[in-house]
Protein chains: 2
Amino acid sequence: MATVTAAERRAEAKRAYDAYVAACPSRKLLDTLSDKWVSLVLNALADGSKRYSDLARTIAGVSQKMLTQTLRGLERDGLVTRTVTAAVPVRVDYRLTSLGESLLPLMAAIKQWAESHIEDVEAARLRYDADSENSP
Amino acid sequence: MATVTAAERRAEAKRAYDAYVAACPSRKLLDTLSDKWVSLVLNALADGSKRYSDLARTIAGVSQKMLTQTLRGLERDGLVTRTVTAAVPVRVDYRLTSLGESLLPLMAAIKQWAESHIEDVEAARLRYDADSENSP
DNA sequence: CCGCATCCACCAGGATACTG
DNA sequence: CAGTATCCTGGTGGATGCGG
């Protein structure tokens with residue numbers, strides 16, 4: 001039975017897409033930077049070194065799992081450093097690398113844009129939702 | 001049975017978190033901007049109006065569902081306009097609003113940072129992965 | 001051509017409990 | 001204190017088919 005069409009087309013499309021993504025690695029990096037926790041962690045580290053528990057407190061609502069995962073990713077990507085100080089209660093500090101610091105202004109700008117335009121956006125939402133109620 | 005502790009604490013924590021998020025709406029907006037497709041769509045609309053199918057072709061790998069969903073969200077947030085031209089085959093154009101245009105430079109900067117630092121990041125990853133193989 | 005509706009797989013991510 | 005390990009759920013997002 002030559003019912004390969006569906007499966008084959010899917011596989012083909014997937015390979016093509018993967019190839020495209022691989023050819024354009026900045027896309028993957030963009031995905032990483034688009035992570036909601038990444039921007040928050042980066043902003044939290046804006047003013048110098050912070051301990052793990054400080055970060056957890058600063059970024060309200062993050063689970064340790066996500067925090068650890070995000071920090072590991074950032075460390076792997078060379079955006080933050082992880083410093084373990086062997087003491088009675090272990091102490092771990094995170095700090096932006098120079099690469100991370102070069103990214104910080106951009107993330108801060110996004111955050112600031114969000115804060116200063118949130119009202120415009122919410123107004124637009126109200127207008128949109130109001131219009132939607134009339135048509136249906 | 002006064003076994004309210006666990007459930008109650010969870011509910012309490014969730015309410016507290018929701019309250020925090022509601023009190024800080026920029027967090028929600030940050031979540032929106034952190035969407036991977038949002039940045040791509042915005043960048044795709046950088047140089048003027050585009051048709052739906054143009055966008056679909058420009059942003060390789062996006063499903064119509066995600067594209068439509070993203071565009072609707074952006075429209076609702078007042079970042080893009082949607083113009084329907086009634087013709088035999090319907091024609092729909094999307095264009096950045098002035099609000100969207102004010103955001104564009106920031107997104108473009110992020111994209112550019114990603115493109116110009118991808119090599120540093122990949123080098124850092126190789127180093128990190130190499131070190132990880134020794135310790136375990 | 002543009003988009004909506006439906007179904008469904010998958011994995012991100014939260015809760016919980018346990019170590020060094 | 002700073003994780004690691006494990007389980008489990010819900011929402012994201014792809015595939016498909018229909019409608020204007």
Side-chain angles (χ1 to χ4, degrees), chain A residues 3 5-18 21 31-32 34-38 40-41 49-75 80-94 132 135-136, chain B residues 3 5-18 21 31-32 34-38 40-41 49-76 80 82-94 132 135-136:
Chain A
T3 325
T5 30
E8 203 173 30
R9 272 194 35 175
R10 256 196 305 172
E12 170 62 23
K14 189 153 187 68
R15 278 194 308 114
Y17 174 64
D18 286 350
V21 169
D31 284 9
T32 306
S34 293
D35 187 271
K36 82 186 260 201
W37 298 121
V38 167
L40 291 169
V41 167
S49 175
K50 276 227 173 75
R51 302 187 56 172
Y52 180 89
S53 46
D54 287 339
L55 287 172
R57 231 171 305 110
T58 303
I59 308 171
V62 68
S63 60
Q64 330 117 301
K65 180 181 175 179
M66 277 304 97
L67 184 53
T68 301
Q69 202 172 100
T70 304
L71 287 168
R72 284 287 181 285
L74 291 173
E75 189 195 357
V80 305
T81 57
R82 177 170 177 272
T83 312
V84 182
T85 310
V88 182
V90 195
R91 175 199 178 94
V92 182
D93 289 87
Y94 292 91
S132 300
S135 14
Chain B
T3 323
T5 29
E8 203 173 30
R9 270 195 34 176
R10 256 196 304 171
E12 170 62 23
K14 188 151 190 68
R15 278 193 308 114
Y17 174 64
D18 287 349
V21 169
D31 283 8
T32 305
S34 293
D35 187 272
K36 83 188 258 201
W37 298 120
V38 167
L40 292 170
V41 168
S49 176
K50 276 226 175 75
R51 300 187 56 173
Y52 180 88
S53 44
D54 287 339
L55 287 172
R57 231 172 305 109
T58 303
I59 308 171
V62 69
S63 61
Q64 327 116 307
K65 180 181 175 180
M66 278 303 98
L67 183 54
T68 301
Q69 200 173 99
T70 304
L71 287 168
R72 283 287 179 286
L74 291 174
E75 189 194 357
R76 192 173 106 100
V80 305
R82 177 170 176 272
T83 312
V84 182
T85 310
V88 181
V90 195
R91 175 199 178 94
V92 183
D93 289 88
Y94 292 91
S132 300
S135 12

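Lettering of chains follows the sequences in order, A, B, ..., and the numbering in each one begins at 1.
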TODO: Indicate whether the side chain of A:Y94 and that of A:T83 have a donor and an acceptor atom separated by less than 3.5 Å.
DONE: no

Task: Between C1' of C:dG3 and OH of B:Y52, the distance in whole Å - done: 6 Å

Task: B:R72 CZ to C:dA5 P, straight-line distance once rounded to whole Å - done: 10 Å

Open item on the list: Going by the rule side-chain contact (heavy atoms from CB on, under 4.5 Å), which residues pair with A:V88 if we only count those two or more places apart in sequence or in a different chain?
Closed with: none

TODO: Name the closest nucleotide to the B:T68 side chain, picking from C:dC4, C:dA17, D:dA2.
DONE: C:dC4

Task: Distance, rounded to the nearest Å, where A:R91 contributes CZ and C:dG20 contributes P - done: 23 Å

TODO: Measure the spacing between NZ of A:K50 and CG of A:L71 and express it to the nearest 0.5 Å.
DONE: 12.0 Å

Task: Distance, nearest 0.5 Å, that separates CE of B:M66 from OG1 of B:T68 - done: 9.0 Å

TODO: Starting from C1' on C:dG20, measure out to CD on A:Q64 and report it in whole angstrom.
DONE: 16 Å

TODO: For the side chain of B:S53, starting at C-beta, report the closest nucleotide among D:dG17, D:dT4, C:dC2.
DONE: C:dC2

Task: Spatial distance of atom CG (A:D35) from atom CD (A:Q69) [nearest 0.5 Å] - done: 8.5 Å

- [ ] Output the distance between atom OG1 (B:T32) and atom CZ (B:R76), rounded to the nearest 0.5 Å.
- [x] 9.0 Å

TODO: Rounded off to whole Å, could you give me the CG-to-C1' distance for the A:L55 and D:dC1 pair?
DONE: 13 Å

Task: Pairing of B:D93 and B:R51 as salt bridge, 4.0 angstrom limit - done: no

- [ ] To the nearest 0.5 Å, tell me how far B:D31 CG sits from A:L40 CG.
- [x] 7.5 Å

Open item on the list: Students often get this wrong, so: under 4.0 angstrom with heavy atoms, is A:V90 touching a base, only sugar-phosphate, or nothing?
Closed with: base

Using a cut-off of under 3.5 Å, enumerate the N/O to N/O pairs linking the protein to nucleotides 10-13 of chain D.
unit_1 : atom_1 : unit_2 : atom_2 : d
D:dG13 : N7     : B:K65  : NZ     : 2.9

Open item on the list: Rounded to whole Å, how long is the line connecting atom CG of B:L67 with atom P of C:dC2?
Closed with: 10 Å

Task: Minimum-distance nucleotide (side-chain atoms of A:R51 versus D:dG20, D:dT4, D:dA2) - done: D:dA2

Open item on the list: Using 0.5 Å steps for rounding, measure from the CD1 atom of B:I59 to the CH2 atom of B:W37.
Closed with: 7.5 Å

TODO: Quickly work out the B:L71 CG to C:dC1 P distance and round it to whole Å.
DONE: 17 Å

Task: Estimated bend of the helix from C:dC1-D:dG20 to C:dG20-D:dC1 (axis per five terminal pairs, rounded to 10 degrees) - done: 50°

- [ ] Figure out the CZ/P separation between A:R82 and D:dA2, and round it to whole Å.
- [x] 10 Å

